[in-house]
Amino acid sequence: MPEALNPFEIAQRQLDEAAELLGLDEATHQLLRWPRREVRVTIPLRMDDGDVRVFHGYRVQYNDARGPTKGGLRWHPDETLDTVRAMAAWMTWKTAVVDIPLGGGNGGITCNPKELSVTERERLARGYVRALYRLIDEDTDVMAPDVYTDAQVMAWMMDEYSILRGHNVPGIITGKPVTLGGSAGRPDAAARGGVYTVREAARVLNIELKGATAAIQGYGHVGRALHRLAEEMLGMKVVALSDSQGGVYSTDGIPYEDGSAWKRKTGSVVDMPFTQPISNAQLLELDVTVLFPAALENVITASNAGNVRARIVAELANGPTTPEADVVLHQNGVYVIPDILCNAGGVTVSYFEQVQNAYNFYWELDEVYQRLDARMTAAFQKVHQMAVRRGVHNRLAAYLVAVQRVAEACKLRGWV
Ligand code: GLU
């Protein structure tokens, strides 16, 4: 039977495994298997040429036992209710792993933003907020950037929401530009948090990262920040990069300055001077110290997991590894830093942004970094210890930590 690749089914399966090991009662398990609320909206969009096109959007408020639901908004042609449900479930576990007082949610619009003009994108962002206005607020459900949405999209959405409310409401969304109440350090927070966890993993594995090799799959916002920070903070040599068009490889290493400049200039990493072409599939199987999947879900599956030669897989993407692949990687001694831990730096600084918005008092960059490091390091230790103690792979260990915390909150509230 071919491997099931529906992300929500995968998310449910991951929960099922943790629920069994935790001995979770049936009602709690069932409650955690499904979103508490999901909404589908249509957004009629006036295109620049005067025509109207109808877009489909989603928002899933998965679980708010530990606090307001929190999670990104993705604009992607393959977005479906199930991808949004999966992301929302993963956000629930993510906020619990790093122990911030938030629940999990996620949103999406099925569209190809590369085919939309700036003004069309603005109207789409504003239309989405109008469609969801009654179901969100800063104490209920707070959005943030994800694949193909950025600080500008957050700014438009914050503005639209503020217009509807009749006053400035910066806390409705995070990942805003700093001028509009965004937090210092938010743009590279996911990558930075991931780098902290790689630093910790190298410590427990006794690996020297300085001069060691890395490969980055996905060269969007997170992948580029990762490239810079892997060099700057870990002293690593990044030998391969890829994006949706293809990839490049160089044994001498690809400096961040070159990679980012080429991507900026041409819109892709392919054909970068002084590199050899490589496919996304080949990149995942390179003999490197750290492999960073930083694009989309389901890239390490049953069919290629056996060929992964990296010592550490640091999941900056959400859901890059399937449950079957997890088992194979674990058997082969590949140390996986699972998405719900590895990329939790983004939502952690989003939480800091909410706190700063609530107090209308803003922190210096150093304070953000130091608090982020403390949270990520503590979460890493907790997960690592759980994995060692229970003899399970790191993803399952992260789930054990997270699910227990969410289940406890549900119980204390008297829901189950
Ligand atoms: N989209 C990001 C994630 O998957 C950030 C979510 C947030 O900051 O709320 O973690």
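Both counts, for ligands and for their atoms, begin at 1 and track the order of listing. The residues of the chain are indexed from 1 along the displayed sequence. Quantities reported herein were computed from a predicted structural model and do not represent experimental measurements.
Judged as a salt bridge (Lys or Arg N to Asp or Glu O under 4.0 Å), and not counting sequence neighbours, the contacts of K263 are D243. Scanning for ring-ring contact (aromatic ring centres under 6.0 Å, His included) contacts around Y256 gives H227, with sequence neighbours left out. With sequence neighbours excluded, no residue forms a side chain to side chain donor-acceptor pair (under 3.5 Å) with E232.
Near ligand 1, residues K70, G71, G72, M91, K94, A144, P145, D146, R186, N318, G346, V347, S350 each place a heavy atom inside the 4.0 Å sphere around the ligand atoms.
A cation-pi arrangement is present between R371 and W363 under the rule of less than 6.0 angstrom and at most 45 degrees off the ring axis.
Ion pairing between a basic and an acidic side chain is recognised when a charged N comes within 4.0 Å of a carboxylate O; D16 and R13 show no such pairing. D373 has no carboxylate O lying under 4.0 Å from a charged side-chain N of R192, or vice versa, which leaves the two without a salt bridge.
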